[in-house]
Amino acid sequence: MSLSDRLNQIIKEKNITKREFANRVGISENYLYILTSNSRPDTNKNKTISPMLAKLIGMEFSYDPEWILTGEKK
């Protein structure tokens, strides 16, 4: 599962819009679109986030930051 898949899963499970997700974690909608789109499926360019952003997303939506970053749980 890619980062894009994990972020889209959070958005779907929390039943929120991408706009709300972006606002709640303090990123632009455009950046979230880049992260969640499958427009470049064969590349990871612009498809990474910092550990700090993963932690913020994890705290805001009650997900494990390690899972958000890597797809694996501790």
Side-chain angles (χ1 to χ4, degrees):
M1 178 183 280
S2 68
L3 173 63
S4 172
D5 294 332
R6 292 187 298 276
L7 293 177
N8 282 314
Q9 180 179 331
I10 293 169
I11 291 165
K12 183 178 179 181
E13 287 179 359
K14 295 299 179 179
N15 196 30
I16 59 174
T17 63
K18 288 185 178 183
R19 173 176 284 171
E20 182 178 347
F21 182 97
N23 287 337
R24 287 175 61 177
V25 298
I27 61 174
S28 72
E29 289 179 59
N30 187 51
Y31 181 48
L32 182 61
Y33 175 78
I34 290 167
L35 292 173
T36 58
S37 73
N38 288 319
S39 60
R40 298 181 189 162
D42 296 331
T43 181
N44 284 330
K45 186 175 182 182
N46 297 327
K47 299 267 184 161
T48 60
I49 59 174
S50 69
M52 184 61 83
L53 180 54
K55 186 174 183 177
L56 179 62
I57 294 168
M59 289 186 336
E60 181 67 29
F61 298 106
S62 301
Y63 284 83
D64 179 5
E66 186 67 24
W67 176 79
I68 296 168
L69 277 175
T70 67
E72 298 180 14
K73 295 189 179 192
K74 290 182 181 179

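Counting from 1, the numbers follow the sequence of the chain as shown.
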What's the separation between atom [atom1] in [X] and atom [atom2] in [Y], rounded to the nearest 0.5 Å?
X     : Y     : atom1 : atom2 : value
Phe21 : Ile27 : CZ    : CD1   : 6.0 Å
Glu72 : Glu66 : CD    : CD    : 7.5 Å
Lys73 : Ile68 : NZ    : CD1   : 10.0 Å
Ser28 : Ile34 : OG    : CD1   : 7.0 Å

Pick from [options]: which one makes a side chain to side chain contact (heavy atoms under 4.5 Å, CB included) with [X]?
X     : options                    : value
Leu69 : Leu53, Ile49, Asp64, Thr48 : Ile49
Lys14 : Thr17, Ile11, Ile10        : Ile10
Leu3  : Asn8, Thr36, Leu35         : Leu35

Quiz item: Side chains of Tyr63 and Arg6: does their closest heavy-atom pair fall under 4.5 Å?
Solution: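 Sidechains of Arg6 and Tyr63: no contact.
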
Quiz item: Do you know the tightest heavy-atom contact between Ser4 and Ser37?
Solution: OG-O, 3.7 Å

Quiz item: Closest heavy-atom contact between Gln9 and Met1?
Solution: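 Nearest heavy atoms, Gln9 then Met1: OE1-CE, 3.2 Å.
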
Quiz item: What pairs of residues pass the salt bridge (charged side-chain N to carboxylate O under 4.0 Å, His left out) test when at least one of them lies in residues 48-61, not counting sequence neighbours?
Solution: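 Residue pairs passing salt bridge (charged side-chain N to carboxylate O under 4.0 Å, His left out), neighbours aside: Arg24-Glu60.
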
Exercise. For Asn23 and Glu20, indicate whether the former's side chain and the latter's backbone hold a donor-acceptor pair under 3.5 Å.
Key: no

Quiz item: Can you hop from Met59 to Trp67 via hydrophobic side chains spaced under 4.5 Å?
Solution: no

